[in-house]
Student: 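Below is the structure I would like to discuss, written out as C-alpha cells.
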2 protein chains.
Amino acid sequence: MGRCVNHPERETNYKCMKHDVYLCDECLECREPELYCKYREECPIWFLSKGSKKLDEQTSAPEIQESCTVTFIPNNLSVEVPMGFTLLEAAREADIFINASCNGKGACGKCKLILNSGDVLKTETSLLSDTEKAKGYVLACQTQVRGSVSVTVPEETIARKLKVAGMGKAVTEKFQGLVSDICPMMEKICMDLAPPTLDDSISDLDRLRRGLSQKGVDTSRLSVGIEVMRELATTMRNENWRVTVSVMHKACSSEVVAVEPGDTTARSLGLAIDIGTTTIVVYLVDMLDGRILAATSGHNRQASCGDDVINRIVCAEKNGVKKLSALALSTINTLIKEAVDGAAANLNDIESIVVSGNTTMTHLLLKIEPRYIRREPYVPSISAFPVLKAGDIGLKGKPNAPVFIMPGPASYVGGDIVSGVLYAGLYHDEALTLFIDVGTNGEIVLGNRDWLICASCSAGPAFEGGGIRWGMRAEEGAIESVSIDRLSFEARLRVIGGYAPRGICGSGMIELISEMMLAGIIDQRGKFQLSADHPRMGAVGDDPAYILAYAGETAMGEDLVFTESDIDNLLRSKAAVYAGFTVLLNQVGLSFDMIERIIISGGFGQFLDIEKSVAIGFLPDIDRDRFHYLGNSSIGGAYMALLSDRHRDAANVICNAMTYLDFSSNINFMDEFVSAQFLPHTNMEQFPTIMKRLNEAAN
Amino acid sequence: MGRCVNHPERETNYKCMKHDVYLCDECLECREPELYCKYREECPIWFLSKGSKKLDEQTSAPEIQESCTVTFIPNNLSVEVPMGFTLLEAAREADIFINASCNGKGACGKCKLILNSGDVLKTETSLLSDTEKAKGYVLACQTQVRGSVSVTVPEETIARKLKVAGMGKAVTEKFQGLVSDICPMMEKICMDLAPPTLDDSISDLDRLRRGLSQKGVDTSRLSVGIEVMRELATTMRNENWRVTVSVMHKACSSEVVAVEPGDTTARSLGLAIDIGTTTIVVYLVDMLDGRILAATSGHNRQASCGDDVINRIVCAEKNGVKKLSALALSTINTLIKEAVDGAAANLNDIESIVVSGNTTMTHLLLKIEPRYIRREPYVPSISAFPVLKAGDIGLKGKPNAPVFIMPGPASYVGGDIVSGVLYAGLYHDEALTLFIDVGTNGEIVLGNRDWLICASCSAGPAFEGGGIRWGMRAEEGAIESVSIDRLSFEARLRVIGGYAPRGICGSGMIELISEMMLAGIIDQRGKFQLSADHPRMGAVGDDPAYILAYAGETAMGEDLVFTESDIDNLLRSKAAVYAGFTVLLNQVGLSFDMIERIIISGGFGQFLDIEKSVAIGFLPDIDRDRFHYLGNSSIGGAYMALLSDRHRDAANVICNAMTYLDFSSNINFMDEFVSAQFLPHTNMEQFPTIMKRLNEAAN
C-alpha cells in the first residue's frame with residue numbers, strides 16, 4: 001500500500017514495477033497525461049497498472065514479473081508489457097487502433113494478427129479458418145505474450161479513418177446560411193467605467209453593475225461567480241477601467257461569466273461537438289459571423305471499451321464512469337486543440353459550447369451514473385441538462401464558458417436525435433416527415449410541427465459491420481457499392497479510398513443483397529439459388545457464400561465472401577427498422593403513402609442507394625423524390641443551437657414534444673418484425689415497384 | 001526546480017532539505033495539513049519553505065544549511081529550524097502564539113523572550129531596558145538562531161485566551177428567543193417517489209421534479225448541480241425511492257442543492273461564524289428549532305501576519321491572498337470541527353452557513369483581491385456577495401451548503417457592522433440610535449428605521465494595547481478595572497482571570513485615565529501633576545509614568561507603568577471616536593441630547609465602565625440609562641440571518657440604506673478631533689456632569 005503520487009490523500013495498491021511510485025485508479029485509467037498523470041510520461045500505463053495489479057493478486061505466491069517486448073509490423077512500433085498481457089492489450093498500449101467489436105471477448109473474430117515470431121499462449125478459437133491458422137493468424141484478444149513477440153497487423157484489422165459525413169467544404173458552407181440571427185449564450189459588452197473617487201467609492205462590483213445597467217442590462221438579478229470576483233479589482237484597473245464583460249442571460253436572471261481587461265468584443269469562439277459512439281466531430285465557430293473556422297474528427301477513444309453503448313455502460317459499471325469520461329474528454333480535447341491550432345486561434349477565446357450525443361454518451365461524458373439505461377424500464381438519469389460550465393466538465397476553453405447539452409427524451413432516443421430533428425426542421429414544417437438515423441440502433445422520428453413520435457428499433461450492429469464475416473464500418477478499404485451482372489453474376493465493386501477491398505460496409509451490404517436478389521442469386525427468403533459449383537460460390541464451413549472478391553484482389557489475400565448467415569443478420573437488421581416505421585405509423589393511424597418526406601440522417605445514410613434500399617425492403621416503396629439525405633444532422637443541430645437561443649429553445653421544445661414508444665415489449669413490433677424478414681417483405685403489396693421489377697426479372 | 005508533490009502541474013523551487021520532495025507556494029503556506037500538505041506531516045513546514053527559499057536565494061554562493069533546535073520553556077516544546085531563522089519564526093513553527101503586534105518589524109517590543117543558552121545573532125534595539133538586557137531578554141523577531149537554543153517565554157509575551165463576549169450561556173439563551181419564524185436557506189423535502197415502469201420511464205431527474213412539483217415546489221426554474229446529477233440514479237434507488245431533497249429558494253428560481261436517500265428531514269445544522277480580525281467565533285445551530293448546540297472561539301491564525309487589517313492586506317500583497325485565506329480557513333475549520341465534536345454531531349449535516357466579518361476579513365477569506373481597500377479612495381472589491389457554496393470556499397460542511405456573507409457598505413464599515421445593526425434592531429426602530437463598535441477602528445452608525453449614516457474613525461490600536469507600553473488585549477492577566485484612592489493615590493486593580501497583572505487592556509486604560517484625572521494625578525491635558533518623588537511615580541527614560549503595580553506584584557517581575565506618552569496615545573484614540581460622533585451628528589443637523597439610545601457593541605464594549613468613559617470624554621455626557629451593552633453583535637446578527645430569510649433580506653436592506661461618510665479628508669473631523677484631545681473635552685459645556693465633578697474634586 002502507498003499513496004498516489006498525484007493524489008496523496010488516496011491509498012492505493014498500484015505501484016510501478018520499475019519506479020518507486022504509486023498511482024490511484026483514476027490516474028491509472030486516465031488517458032490524458034496532461035490532466036492527471038505526470039508520472040505516466042516516464043513510464044507506460046500498463047507497467048503501473050496491470051503489472052502491479054497482477055502482483056497484488058498474487059500476493060500469496062509472489063513471483064518476479066517479466067516484461068516482454070511486442071513489436072507491431074508494419075508500423076515497427078514496440079511496447080514493453082508484462083508477461084501475460086494479450087496482444088490486444090499490447091496494441092492499445094502502443095496506441096494502434098485495431099478492430100475489436102466485441103471488446104476482447106473472443107466473439108467477433110475481427111482482431112486478427114499474424115504472429116511472426118515469439119512465444120505466446122493461445123486460446124482455441126473457431127473464428128479462424130484452418131488456412132488462416134496455417135498462415136500464422138491469431139486473435140489478438142485470445143493470445144497472451146510469454147516472451148518477446150513480433151506480429152504483423154493485416155490490412156483488414158487496422159481501424160482506418162472513417163468516412164465522416166458533414167465535414168466537407170460544401171456542408172460547412174451550407175451550415176453557414178442556416179442561422180441569420182446570431183444570439184450566443186454569452187453577450188459581450190465593452191464599457192469604459194468612471195474610476196472611483198472619494199465621493200464615488202462604491203465597490204468594484206457595484207461599479208461594474210452600474211456600468212452594465214447603463215448599457216441596458218437588467219442587473220436586478222445578476223449573479224457573479226467567485227472566480228470572477230477574486231480577480232475583479234485587478235481586471236478592472238488593468239486597462240484603465242475599460243473592461244469587456246461576458247454576460248449569460250437565463251430565464252429570469254443573468255450571470256457575469258467573465259470580465260476581461262480592455263475591449264475583447266472582436267474575439268469570440270464557439271464549439272459545436274457531436275459525440276458519436278464511434279466518431280467525435282468538433283466544429284470551431286466564429287461566434288461573430290457564424291463562420292466555421294475549423295472542423296476536426298476522430299475515433300472516440302472509448303472504443304477500446306467496446307463498440308456499442310451497452311458495452312460502454314458495462315465497462316463503466318466495471319471500471320467506473322470516470323474512466324469512460326476521461327477517454328471521451330481526451331478525444332474531444334485533442335480535437336479542440338487541433339481545431340484551434342488549425343485556425344491559429346486561442347483556446348481561451350472559446351466562450352460557448354454545444355454538445356450533442358446519444359443518452360449514453362452524454363451520461364458518460366458528464367460522469368452521470370449510466371447503469372439504469374440498459375436495465376428495464378430503461379430510464380436515463382437526466383433528460384434535460386442545465387447549462388453547465390466547460391471547466392466543471394473538463395472541456396478546454398474558458399473555464400466559465402457555458403455548455404449547452406442537447407436534451408434527449410429517452411434512454412435510446414437521445415440528444416443527437418433531437419439535434420437532428422432541429423436541423424431537419426421537422427418541428428416547424430407542416431409536412432408529415434419520417435426521420436431516420438441508422439447506426440447500431442435505428443432511431444426513428446415521425447411527425448410534423450403539431451406532434452412528434454419516436455422510437456428506437458434495435459437494428460443491431462450489422463449495418464456497422466458487426467456479426468458480418470467481412471463486415472466493417474465505412475472506413476478506407478470498405479466496399480461501399482456493388483453491382484452484379486445479371487448474366488455472369490460477376491460483381492463490380494466501389495471501395496472507399498480506391499484501395500483493394502478489405503471488407504464491406506452497410507451501404508455496400510444493402511446494394512449487395514439487392515443485387516443478389518434482383519439477379520436471382522438469392523431468393524426472397526435470402527437463400528442462395530446459385531449452383532454450388534459456380535465460380536462465384538464458395539462456403540465458410542457449411543455456410544454457403546457469394547465471393548465478392550477473390551483472394552488475389554483483396555487486401556488480405558483471401559476471398560472476401562458474404563455468407564447466408566451474413567444475409568440472415570442483415571435481414572433481421574433491415575426488418576427491425578422497417579417494422580419500426582410500420583408500428584409508428586399504425587400507432588398514429590397513418591400509412592406510408594401519407595409520408596411527405598423521409599429524411600435519412602447519419603454517416604450511413606449519406607452513402608445509401610435509395611432504389612436498392614427500397615428493393616430489399618429497408619426503406620418503404622414510395623416516391624423516390626420524397627427521400628432526402630441530411631448527412632451528420634447531429635452536428636448540424638449543435639451548430640444551430642450554438643449560434644442562436646431560438647434554436648436552443650427549440651431543442652428543448654422538441655425534446656418535450658417527442659412521445660417515446662418503447663418497442664422492447666411491443667407485440668405489434670414483434671409481428672411486424674417477423675413479416676419484414678423477407679425480401680422485400682412478406683406483404684408484397686407494400687412494395688409495388690419492387691414486385692414489378694421482380695416479375696420483370698423473372699420473365 | 002521540481003514539481004510539487006501535491007500539484008504535479010506546478011513547478012517550484014522549494015525542495016525539502018531533508019526529503020526528496022518539492023512543494024509549491026500554496027502547500028508551503030497552508031496551515032491545514034488535511035487540505036494540502038500530506039508531506040508536511042512528516043516534515044515541519046519551515047524545513048521546506050524558508051530553508052529552501054534561503055538555499056534558492058544563495059545560489060551564487062551555495063552553502064550547507066545547518067539546522068538548529070530551539071526549545072521553548074516552560075512548554076518544553078522543541079522545533080528544528082534552519083540556521084538564520086528568527087526566534088519569532090521558530091515560535092510560529094512550534095505553534096506557540098506570542099504577542100507580536102508589529103508582525104516582526106522590531107517596532108512594538110512585545111515579543112520578549114529570555115535567552116537561556118545557545119548561540120544567536122541579535123539586532124540592536126532600544127525597546128529593551130538595560131535591566132531587561134542584563135536579565136537576558138531579547139526580542140524574538142530581532143534574534144536569529146546560529147545554533148541550538150533554549151529560551152523562556154515570559155508570562156507577558158504569551159498570547160492568552162481572549163475574554164470573548166457573547167459566548168456565555170445567558171447570551172445563547174437570549175439569542176434563542178430572537179427568531180420565531182425559522183426559514184433556513186434550504187428547505188428539506190422528503191418524498192416517496194413512484195418507481196419507474198415501462199409506461200412511466202421519464203428520467204430520474206424528471207421524476208424528482210415531478211415529485212417536488214406535487215409537493216408544491218415551483219419547478220419551472222429549478223436548477224440542479226452536476227454533482228447532484230452524477231449520483232442521482234444511485235441515491236434515488238438506495239432507499240427504495242424515498243429521498244430527501246434540499247432545495248434552495250432564490251429570488252426567481254430554486255436550486256436542488258442535495259439529494260439524500262431516505263428521510264433526513266430530522267437532521268439539519270447551520271453555522272453562524274463571526275470572523276474578527278483577532279478572534280473567530282463559531283456557533284453550531286440546530287436549524288429545526290434554533291438551539292445553539294455548541295459555541296467555539298479561537299485566535300484568528302492570520303494574527304501571525306500582523307494585528308490589524310492594514311498589516312493583513314500588506315501581508316496578502318506580499319505573500320498572496322491565498323495564504324491569508326488558508327490561515328482563516330484553518331482557524332474556522334478547526335472551530336467547526338470542535339463545535340461539531342462537542343455536540344456529537346456530523347459535519348455532513350451542516351446545511352447552511354452565515355459569515356459575518358469586516359470588509360478585509362471577507363475579502364481575504366474568499367481570496368478576493370484586497371489591495372485597494374487600503375488605497376485612496378478606499379474601494380472594496382465586493383460589497384454584496386452572492387450566496388456561495390461551502391465547498392467552493394473551503395469551509396467544512398455539505399459541499400453544496402449555501403453560505404450567506406453579510407454585506408458591508410464600505411472598506412471600513414463592513415458586514416460585521418451590518419450584522420450588528422441587524423442584531424441591534426436599529427433599522428426597524430423609530431428611536432434615534434447611535435451604534436458604536438470600538439476595536440482598532442471605531443465604527444459608528446447613527447440613525448433609525450428611516451435613515452442610517454455610518455463612518456469609521458481610525459481610533460488606532462491603543463484600545464487594543466497597541467502603542468501602549470504595557471497595553472494588551474482583554475486576555476488573561478490584563479488589568480481590566482482600576483480605582484485610585486483620592487488621598488494615597490494607591491491603585492486597586494481587577495485582573496482578568498485573577499492572575500498577577502502582565503499588562504492593561506482598553507477598559508482598564510479608560511478607568512485608569514478617568515481615575516488619574518479625578519484624583520488630580522493628571523490634568524485635563526493628560527500631563528502628570530504628581531510630585532516626581534511620590535512612590536507611585538516612575539519614569540521610562542524621560543517619560544514620566546504612574547506605577548500601577550510594583551515589580552513584586554506583576555507577572556513579569558517589573559514595574560507595570562502607564563507613561564505620559566501612553567496617555568497621549570489614548571487621548572488621540574478617544575478623541576477620534578468622539579469626533580466621529582460629533583461629525584455624524586452635525587452632518588444630519590442633530591445634537592447629542594436627541595440621541596435616545598447608544599448601543600455599545602464588541603468585546604471591548606462589554607466590559608466598559610460608562611461613567612468613567614464619559615469622564616474622559618470617550619462617550620458623550622447624556623443620561624446613563626440611554627447606554628446599552630450588546631456584546632458580540634456581529635455573531636448575533638449572523639445567528640439571526642442563519643435562521644430566517646427575513647433577516648437575510650434585512651441585512652441587504654441595511655447595507656444599501658447605510659450612507660457612508662469618509663473622514664479621511666474631512667476638515668470638520670480634523671477640527672473636532674483636535675478639540676476632543678482634552679479631558680474630557682476642550683468645550684467643557686458638552687460634559688456638564690463631569691465639569692461638576694471636577695469642580696467638586698477641586699473644592
Student: Name the region of B:Thr359, side chain, backbone, both or neither, that has any atom closer than 4.5 Å to a heavy atom of chain A.
Tutor: neither

Student: For A:Ser220, which atoms come within 4.5 Å of any heavy atom of chain B: side chain, backbone, both, or neither?
Tutor: neither

Student: Report the option among B:Ala233, B:Ser411, B:Gly225, B:Pro409 that has the most heavy-atom pairs separated by less than 4.5 Å from atoms of chain A.
Tutor: B:Ala233

Student: With rounding to the nearest 0.5 angstrom, report the CG to CD distance, A:Leu232 to B:Glu369.
Tutor: 10.5 Å

Student: Using distance only, find each side-chain donor-acceptor pair of residues 378-392 of chain A under 3.5 Å and give its atom names and separation, not counting sequence neighbours.
Tutor:
| residue | atom | partner | partner atom | Å |
| --- | --- | --- | --- | --- |
| A:Ser381 | OG | B:Asp204 | OD2 | 3.2 |
| A:Ser383 | OG | A:Gly408 | O | 3.4 |
| A:Ser383 | OG | B:Ser203 | OG | 3.4 |
| A:Lys389 | NZ | A:Glu255 | OE2 | 2.5 |

Student: For the NZ atom of B:Lys250 and the OG atom of A:Ser253, what is their distance to the nearest 0.5 Å?
Tutor: 8.0 Å

Student: If we define contacts as heavy-atom pairs under 4.5 Å, which of B:Pro196, B:Ser223, B:Ser665, B:Pro195 has the most with chain A?
Tutor: B:Pro196

Student: Would you say A:Leu198 and B:Ser664 make side-chain contact, with heavy atoms under 4.5 Å?
Tutor: yes

Student: Find the one option among A:Ile393, A:Ile226, A:Val321, A:Asp206 whose heavy-atom pairs under 4.5 Å with chain B are most numerous.
Tutor: A:Ile226

Student: Would you compute the distance between atom NZ of A:Lys367 and atom CE of B:Met229 and round it to the nearest 0.5 angstrom?
Tutor: 11.5 Å

Student: Check whether B:Leu208 gets within reach of chain A through its side chain, its backbone, both or neither, counting any heavy atom under 4.5 Å.
Tutor: neither

Student: Side chain, backbone, both or neither: which part of A:Arg371 has an atom under 4.5 Å from a heavy atom of chain B?
Tutor: neither

